[in-house]
Colleague: 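Quick one: the structure is below, questions incoming.
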Amino acid sequence: MGTLKLYLDDPYLIEFESNVMEYNGKILVLERTAFYPEGGGQPCDTGKILGNREYNVIKVFKEGDIVYHELDSEFFGEKNVRGVIDWEKRYLHMRHHTAIHILSGILFKDYGARITGSQIYTDKARMDINYELGKDKLPEIEAKANDIVKKGLDVVWYYIDRKDFKEDMVRIREDLLPGDEKLRIVEIKGFDLQADGGTHVKNTAEVGTIKISKYENKGKMNKRIYINLL
Ligand SMILES: [Zn+2]
């Protein structure tokens, strides 16, 4: 059975308790976790695992349906532990992730542009855009993104059956989605839908002001932008 992924339902959960499923040296598997494993352009969480000893979680990754926590020292064999994620870092990831969805939504709706890749950091995010996007369009796109922030739209997440998936529901092509029966949808109310496994803020107002800080022309249909949040 896979790890119960607490971050999918409640990205604001900072602390949790869990039984230990298995461990091997510095690698720990829990029954449930709030630690986000690296994936979908969002970096993993770091934080602490508290048992009889205190361990730093230095890396979190997912293989299949199992989440693995890599600790800074060998696990002692506690039966259950408490986990505390580094919230400051996670919240920055959430804000940047929702910012990417806002920009992706605008680029798709208003320009027909698709995002081919993205990477979130704590202090910036990068987006690769499959579109003939001129640098002159950036102020307009930035202003539209900040309108969505200012509107304070709710962000919600839920599951739909794969059979109910419609091509025009989400920006990403179905063949790029993982083969699960259920698709997790992240919706910015009244604005955007995307199949997504990441953690998001619950209202666009939490994102803060979006600044497009860098533009790289990597080819006719291949542009890269970086954003910062103020
Ligand atoms: Zn996403």
Side-chain angles (χ1 to χ4, degrees), residues 5-13 34-45 60-62 65 67 85 89-131 141-142 144-146 148-149 151 153-160 162 165-180 182-208 210-212 223-229:
K5 300 168 191 73
L6 301 169
Y7 54 85
L8 288 176
D9 286 332
D10 184 5
Y12 291 82
L13 183 69
F35 281 92
Y36 183 82
E38 182 176 9
Q42 183 177 330
C44 72
D45 289 325
V60 186
F61 56 97
K62 198 170 72 143
D65 215 17
V67 176
I85 66 166
K89 186 194 266 185
R90 154 67 82 75
Y91 191 55
L92 285 164
H93 293 161
M94 285 161 59
R95 289 174 58 210
H96 281 93
H97 202 152
T98 304
I100 286 178
H101 282 215
I102 291 171
L103 281 161
S104 306
I106 288 161
L107 284 161
F108 182 62
K109 276 178 197 239
D110 294 356
Y111 305 89
R114 283 191 185 270
I115 306 306
T116 53
S118 60
Q119 183 60 48
I120 294 160
Y121 306 89
T122 48
D123 61 341
K124 61 177 176 291
R126 189 197 79 208
M127 297 172 70
D128 289 318
I129 304 160
N130 179 28
Y131 179 62
I141 291 165
E142 189 182 275
K144 287 179 180 185
N146 284 312
I148 297 295
V149 170
K151 277 185 185 166
L153 302 179
D154 285 336
V155 185
V156 294
W157 36 89
Y158 50 86
Y159 293 86
I160 62 165
R162 177 168 276 271
F165 175 87
K166 290 182 189 65
E167 178 68 26
D168 59 355
M169 271 186 77
V170 288
R171 292 184 307 276
I172 199 160
R173 293 202 312 276
E174 190 178 13
D175 56 35
L176 294 175
L177 296 171
D180 298 336
K182 296 265 184 195
L183 294 179
R184 182 173 181 265
I185 302 293
V186 171
E187 176 176 1
I188 301 174
K189 281 280 187 186
F191 171 67
D192 182 64
L193 287 165
Q194 182 166 351
D196 193 84
T199 58
H200 289 265
V201 293
K202 60 184 187 305
N203 188 287
T204 58
E206 290 183 47
V207 169
I210 298 171
K211 181 101 197 112
I212 300 175
K223 314 295 174 185
R224 173 171 284 186
I225 60 169
Y226 287 86
I227 60 163
N228 290 121
L229 300 179

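Indexing begins at 1, ligand by ligand and atom by atom, following the structure's order.
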Colleague: Would you name the heavy atoms of G208 and N146 that are closest together and state the gap between them?
Modeller: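 Scanning both residues, the minimum pair turns out to be O-OD1, 4.2 Å.
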
Colleague: For the side chain to side chain donor-acceptor pair (under 3.5 Å) test, which of Q119, H97, R90, H96 pairs with Q42?
Modeller: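 Among Q119, H97, R90, H96, the one meeting side chain to side chain donor-acceptor pair (under 3.5 Å) with Q42 is H97.
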
Colleague: With sequence neighbours left out, write down each residue that passes salt bridge (charged side-chain N to carboxylate O under 4.0 Å, His left out) with K62, or none if nothing qualifies.
Modeller: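 Counting only residues at least two positions away or on another chain, K62 forms no salt bridge (charged side-chain N to carboxylate O under 4.0 Å, His left out).
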
Colleague: Should the heavy atoms of other residues, nucleotides or ligands under 6.0 Å from NZ of K144 be counted, would the total exceed 12?
Modeller: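 Check passes, neighbour count above 12.
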
Colleague: Salt bridge (charged side-chain N to carboxylate O under 4.0 Å, His left out) with D154: which residues, sequence neighbours excluded?
Modeller: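 D154 satisfies salt bridge (charged side-chain N to carboxylate O under 4.0 Å, His left out) with no residue once adjacent residues are dropped.
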
Colleague: Does anything in residues 117-126 pair up under salt bridge (charged side-chain N to carboxylate O under 4.0 Å, His left out), and if so which pairs, sequence neighbours excluded?
Modeller: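 For residues 117-126, and leaving out neighbouring residues, the salt bridge (charged side-chain N to carboxylate O under 4.0 Å, His left out) pairs sorted by first residue read R126-D128.
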
Colleague: Around the Zn ion (ligand 1), how many protein N, O or S atoms are there at under 2.8 Å?
Modeller: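 That number is 3, waters not included.
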
